[in-house]
Amino acid sequence: MSLAQVHHISAAPGDEEAAGRFIAVGPGVSAALLAELEPLIGYALPDGASHRPADAELRSLPQAFTYAVLSDGSRVVGRTAPARGDGTAPVRFHTHAVHLPPGVPLPGDRLPVEAWRSPHWVSATPVGGGALSDPLGLLPPGPAPVREGLDDFAVSRGPWLAAVLADLRRASEEEAPAGGPVVLVERQSADVARWLGLAAVTLPRGSVERLTFTTYTRRPGSSALRVVGAPPEDAAAAREAGLRVHVCADRPPVDGTADAWARTAARVWRSRAPELFEEARGLPGDPFAAGPLAVIALCSGVALGPEERAAAAGWAAERPYALDAKRTGQLVEALTSPGIDDRTGSEFDAVGRLFGALDGRCPASVTAPLAAMLVTEAVRGGNGSLELPRRDAFVGPEGEAIAGVLGPEILTELESGAGGGRPVARTVQLLRVARLLGVNGMEVLPEVVARLARTILTEADGSEGTPAFAPALLELLDEQFDVRTALLGALDRIAPEDPGAVARFLERVALPFTGTQALPHLRMCAEAPGAMTTLGRDRSAVWHRVLRAAGLSPFAEPLVLRTAVGLVWEDRAPTVEEARLLLEAATSDAHRAAGTWARLVDAALGAPADTEDGTALAHDLLRAFPQEIGGRERAALQLLELCRDLRSGAPEPGWTEQVRTLRDRAAPLEPAIQERAFTALTERLLAPDRPGAELYAFVRSDDADLIAAYDRAARTEPTRTRLRTHPAYAADCFTNWTAHPHAGTAWTTTAAALLDEVLRPAVRGMTAEAVAEVEETVGRTGSSGRANAFRDWNRSRALGRLGRRIAGRVRRG
């Protein structure tokens, strides 16, 4: 069918009163469509262009080649070019356009951009009804009109290729992206057309047909098209308008694009291989995924970056059936090329997935290079996340060759003294690769596993949740029986030293120790969390349950005592009751061998002052561990034992001196022990049957802390009650509190206060007969002079009160 053509002549530059007009309009183009078309073909001169240009200057002015979709679904392809006008208008801008009704393709099913080099565009309206040229129907056959010179252009625009292609892809989506058109800034409008030619070859046909454009405009911000060309002087204004601007006539951009497909397409163009785009479109998958194009590019020898190679390997791993044997071999050869030195972890991961997909599907000769690449990276690159090949991937000469190269490196690193700082994942990876390659490492295994066991606990305690190395470690233990046996044994030996860390690790990583190995400590560590959950705060019951899980008696294996105590009490001391239970549950020899006797000592020393069993525990510990307990702890326990004797009433003579000496030896003494010792001593000194020599030694010591404790004990309610109800006891206290007038300041001050504040109120509350008994007892046990002293002391206070009452009455009268 014959397509309608439109000719339009614009106003002359600078003639603001004149208007453009349509000179010739073909059938079927309505006035409404013409009104819609006119803004799309408007033309403005570049800055600096003359309004009366010479012929050469006129030919150099930009041409606007436009493809637009109108509101009724019809399309327009046209060219606007400067042309020589008449005398009053030396320059006119002539538009020659072809209208395509909705649903009608271009002749020959060509793409719009293919017409930009058509020789049949005209710059003047045919006169006298002459035959109209057909710029679309007379295109030369084949792709030459659009592809001629594109390779050279693409290479010249290499720094901008990826970013521009990424934006052109987004601009060709079904829903036009928000934000206005993509702006291509070039000095020549023909170069904008060449960009559109690159897009026509690179993008799928449907995307290209949606890509409306013009190669030249001075108003990019107001354009409704998806891609526009603009001169350099309009770049800044386009940026300020928020448009995506690519200044291809300036310095190359510094930042690249994150679009892997666009980067791959750019490399294909720079390699002058545009035919690969059509090949890639024959592969399954998203047309704008990097994988298919990267696969075709690699198979054709195009060098790609690590992200693009990873995309190719990942795509092929998901669709191993999509490539024939030839292309599969080419892809493997490209991915494993020895000349590549920029591989990344994500690329190795993708190659690992590809190997897994091809293994068993392809001959070993095809997959062997992938397997060798993976294990080489695992050893030399330290990539602990790789999925390693199966062991039979290295059977044959390929396996022997790689084992001969990597085996010595693996053994050297495993033997190195830096293993203490080697991450768990690294050691696990080396051990797994050694097994894959058949490397014999039995000589170094015990030392390697011993270091590995300690590193496992350190890393696990420093992380939350399941450690990252856990899956690989469990695979290692499942694969290698000798490593599993050695590692479980090493952890079992470590457990008594730090059972809490081992228990926390086993709670997060379920190690397989259900076999024939005894492993008593590991079994206890595995039992502890459940026992604590079930039994709650009953630590004695938890301890019994954990100890039973060992399957061994503490008499046969004393170290299970240490593990059980460490699990239940961790860094806390047992209570006195719990400590007595522990002491009775095993012999002193077992506690001595396990080192748990120190926990029992801590229990005794940390007991509250009002715990009666603490002194009995101290007595038992001093007899059970006479050689082990020494220094400050021994003195503190002896002080507790002395408290026990003071309470029982049968201490060795010299109590005060013993208390003071042991207190000094036990410094810094626990406050509760000091309180208990001072209380026991002072209560004994306040007892009616205490020896006088002990009280004398106490008074003469002038120990301020001890005397203060005596003062507190004398003021307690039991002592006050005894003073009120036992005249003989009151007489004894009066005698003692007045018998040492020349003692130190601490005693004399305290004794005077006790006489006045404790004994006097007690005597005042007695009957006359009881007071007389006190006086008689003081005289009988002391002397007549002391009896007189008591009468004077008692009378002086009473007279003092009587005198104050009389004086008060006189003042009131």
Side-chain angles (χ1 to χ4, degrees), residues 260-261 263-280 282-285 289-381 383 386-390 392-406 436-437:
W261 171 86
R263 292 200 305 269
T264 307
R267 288 179 180 267
V268 169
W269 275 113
R270 289 200 294 270
S271 299
R272 300 176 183 272
E275 67 279 359
L276 300 183
F277 294 111
E278 192 61 36
E279 284 189 60
L283 296 179
L293 182 58
V295 166
I296 295 299
L298 289 173
C299 290
S300 302
V302 176
L304 298 179
E307 189 173 345
E308 293 79 51
R309 294 194 299 268
W315 180 90
E318 294 175 1
R319 302 172 182 82
Y321 51 82
L323 302 178
D324 57 22
K326 179 182 178 181
R327 275 186 173 167
T328 299
Q330 291 172 336
L331 177 61
V332 169
E333 183 179 355
L335 290 172
T336 59
S337 170
I340 298 175
D341 59 1
D342 61 346
R343 293 185 177 96
T344 62
S346 59
E347 179 180 355
F348 280 110
D349 291 340
V351 169
R353 295 194 299 274
L354 176 61
F355 174 83
L358 299 179
D359 190 24
R361 185 187 296 270
C362 299
S365 58
V366 175
T367 58
L370 293 175
M373 171 182 165
L374 292 172
V375 296
T376 301
E377 167 64 11
V379 174
R380 294 178 177 172
N383 189 338
L386 284 178
E387 286 290 334
L388 294 176
R390 293 180 294 109
D392 56 11
F394 298 96
V395 176
E398 294 88 354
E400 294 177 3
I402 194 66
V405 173
L406 296 180
L436 289 176
L437 300 179

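The structure places CG of Leu406 at 4.5 Å from OG1 of Thr376, a figure rounded to the nearest 0.5 Å. Between the CG atom in Leu436 and the CD1 atom in Ile402 there is a gap of 11.5 Å [rounded to 0.5 Å]. Atoms CG and CD, from Leu323 and Gln330 in turn, are 9.5 Å apart once rounded to the nearest 0.5 Å. Between atom CZ of residue Phe348 and atom CZ of residue Phe355 there is a gap of 14.5 Å, rounded to the nearest 0.5 Å. Rounding to the nearest 0.5 angstrom, the gap separating the CG atom in Leu298 from the CG atom in Leu304 is 4.5 Å. Note: Ile296 CD1 to Glu278 CD = 11.0 Å, rounded to the nearest 0.5 Å.
Across every non-hydrogen atom of Ala316 and Leu331, the tightest pair is CB-CD2, 3.6 Å. The nearest pair of heavy atoms linking Ala372 to Val375 is O-CG2, 3.3 Å. For the residue pair Ser300 and Leu276, the shortest heavy atom distance occurs at OG-CD2, 3.3 Å. Considering all non-hydrogen atoms of both residues, Ala334 and Ile340 come closest at O-CD1, 3.4 Å. Of all non-hydrogen atoms in Trp261 and Ala289, the two that sit nearest each other are CD1-O, 3.6 Å. Shown here for Ala317 and Ala357, the closest heavy-atom pair between the two residues is O-CB, 3.4 Å.
Inter-residue side-chain proximity for Arg327 and Leu283 is flagged as met; some heavy-atom pair is nearer than 4.5 Å. Here the side chains of Met373 and Val332 are not in contact, with every heavy-atom distance at 4.5 Å or above. Counting heavy atoms from C-beta outward, Arg380 and Val405 have side chains that approach closer than 4.5 Å.
Remark: the backbone N or O of Pro284 is paired with a side-chain donor or acceptor of Trp315 at under 3.5 angstrom. Looking only at distances, no side-chain donor or acceptor of Arg309 sits under 3.5 Å from a matching main-chain atom of Leu335.
Using a cut-off of 4.0 Å between Lys/Arg side-chain N and Asp/Glu carboxylate O, Arg343 and Glu377 are scored as not salt-bridged.
More than 12 heavy atoms of other shown residues, nucleotides or ligands fall within 6.0 angstrom of atom CD in Glu275.
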Practice problem: Check step by step if side chain to side chain contact (heavy atoms under 4.5 Å, CB included) holds for Glu307 and Thr344. | Solution: CA-CA 8 Å; Glu307 189 173 345; Thr344 62; over 6 Å; no

